[in-house]
Every structure is written in C-alpha cells, then in structure tokens.
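A short write-up of the structure that comes next.
Heavy atoms only: backbone and side chains are in, while hydrogens, waters and symmetry mates are out. Letters A, B, ... mirror the listed sequences (proteins, then strands); counts begin at 1. Bear in mind that the values here come from a model prediction, so they are computed numbers and not experimental data.
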Amino acid sequence: EEQLVQSGAEVRKPGESLKISCKGSGYSFTTYWIGWVRQMPGKGLEWMGIIYFADSNTKYSPSFQGQVTISADRSISTAYLQWSSLEASDTAIYFCAGARNGNFFWDVWGQGTTVTVSS
Amino acid sequence: QSALTQPASVSGSPGQSITISCTGTSGDVGGYHYVSWYQQHPGKAPQVMIYDVYYRPSGVSNRFSGSKSGNTASLTISGLQAEDEADYYCTSYTRSGATYVFGTGTKVTVL
C-alpha cells in the first residue's frame with residue numbers, strides 16, 4: 001500500500017528558515033507527482049505547487065511562486081517544502097499528496113505537518 | 001488564479017440527497033475533464049471521493065456521484081448518512097500555471 005509520511009510538527013520564529021519533508025513508501029514513487037497543500041487555521045485547502053519525482057519538474061501556483069521552494073530527492077522518494085524566511089501568516093497545516101503520472105487526481109495523502117510561526 | 005466557487009454549507013436529513021456545486025471558468029472546470037472531489041473530516045487528511053468528473057475510486061460508496069455541465073461541476077450524495085458530515089472540496093486542473101485549483105469548500109451537515 002502506497003503511503004506518504006510527513007515530518008513532524010515545527011515551531012519557528014518569524015524570519016527563520018524551515019524545510020519539511022514527505023516520504024513515500026510501499027511503492028516506487030518515481031512516476032508520481034507530489035503536490036503540497038496549505039490549510040490555514042479554520043480555512044480551506046490551497047494548492048501551493050507540484051513536483052514530478054522522475055525529473056523534478058516543478059510547477060508553482062501563482063500565489064506561492066517565489067514564496068516557497070519545492071524540491072525532491074528521488075533516490076529516497078522524498079519531497080520537500082522549504083521557506084527561507086517564515087512569517088506568522090505561514091502558520092498552517094501542510095499536506096503532501098500523490099498522483100500517479102497520467103492521473104489528474106490525488107489518491108495518496110500524507111498525515112499533514114503543523115507549522116507554527118510565532119515570536 | 002481564483003478559487004473555484006462552492007456553497008459554504010449544505011445540509012440534509014438522513015436518507016436525503018444533497019448536491020454541492022463547484023463553479024469555475026473555461027480555463028479550469030470548463031476546459032478539462034479533470035475535476036475531483038475530496039472529503040475531509042476534522043483533523044484528518046483529505047480523501048478522494050470522485051475523480052475525472054464522475055469516476056469513483058474503489059472503496060468509495062456508490063452513494064457519491066459526480067457530474068459536470070459547462071463551467072460547473074457537481075457532487076451528489078444520496079442516502080445521506082451521519083458519517084457523510086464533513087467538509088468537501090472540489091479541485092480542477094487549471095491552465096494557469098499548469099497546476100491545480102481548489103474550491104472554497106462546503107461544510108455538509110447531517111441534521
């Protein structure tokens with residue numbers, strides 16, 4: 001069974017950097033797209049961007065272009081979401097989701113990583 | 001890139017049917033057959049309920065069905081059950097950025 005396992009909750013101060021991870025197991029995720037989704041407290045889901053494991057082809061949603069960096073290491077089936085300078089407004093739960101190449105729906109989800117940014 | 005429009009809330013009694021709409025543009029919902037629907041219970045990760053407008057993944061109840069007309073997609077839940085109470089989100093592939101966009105989300109309440 002395919003699974004995506006995300007790294008644990010993080011607490012950071014404004015201005016600090018952060019990198020969270022999403023590791024695939026139970027299947028070869030080489031031919032998967034991984035997407036990152038933000039859910040701010042009490043709010044809806046927002047697509048941040050997607051990356052293709054096989055060649056690290058990355059596409060960002062316009063609202064998140066330049067705000068975060070999405071990367072992947074296919075040798076360890078792990079995708080990353082990174083901030084260089086956090087803001088309080090980055091406080092949210094971040095989910096990763098997986099879709100097989102050629103599919104346009106997300107059938108594997110990580111458990112979510114809670115990021116809290118507070119001084 | 002604006003979020004797709006969904007009603008904020010929909011409610012129904014057990015056994016009834018409800019329909020949730022998801023309105024976009026010709027650049028997303030209307031232009032592609034790649035609309036999917038996700039159920040999210042509080043504190044949990046989303047789960048796909050419908051993909052490619054009307055296909056159901058294995059394991060999802062046949063009480064869930066999807067359709068699309070023009071720029072609006074719809075999710076219908078028939079025979080409403082208490083366990084269906086959750087938030088529901090549509091998402092579509094979008095020409096903008098060649099990525100995806102979510103709907104605003106709908107809270108389903110079972111009365």
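The aromatic rings of B:Y93 and B:Y100 lie perpendicular to each other, with more than 60° between the two planes, well past the 30° mark. Aromatic ring orientation, A:W106 versus A:W47: tilted (interplanar angle from 30° to 60°).
For chain B, no part of A:Q65 is nearby; none of its heavy atoms comes within less than 4.5 Å. A:V37 touches chain B through its side chain: at least one heavy atom from C-beta onward sits under 4.5 Å away, while N, CA, C and O do not. Neither the backbone nor the side chain of B:T94 comes within less than 4.5 Å of any heavy atom of chain A.
Under the 4.5 Å side-chain heavy-atom criterion for Ile, Leu, Val, Met, Phe, Trp and Tyr, B:M49 and B:L80 are members of the same hydrophobic cluster. By the rule that hydrophobic residues join a cluster once side-chain heavy atoms approach within less than 4.5 Å of another member, B:L4 and A:F105 end up as members of one cluster.
The contact list for residues 28-48 of chain B toward chain A, using heavy atoms and a distance under 4.5 Å, reads B:Y34, B:S36, B:Y38, B:Q40, B:K44, B:A45, B:P46, B:V48 by residue number.
Most heavy-atom pairs under 4.5 Å with chain A, from the set B:T104, B:T91, B:D87: that is B:T91.
A:R12 has no carboxylate O lying under 4.0 Å from a charged side-chain N of A:D90, or vice versa, which leaves the two without a salt bridge. A salt bridge links A:R100 with A:E2: at least one charged nitrogen is closer than 4.0 Å to a carboxylate oxygen.
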Take A:W33 and A:N57, measure what side chain to side chain contact (heavy atoms under 4.5 Å, CB included) needs, and give me the verdict at the end.
CA-CA 9 Å; A:W33 287 85; A:N57 179 16; 3.7 Å; yes
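The ring pair (Phe, Tyr, Trp, His ring centres under 6.0 Å) with A:Y94 is formed by just one residue from the set A:W36, A:W83, A:W109, A:Y80; it is A:W83.
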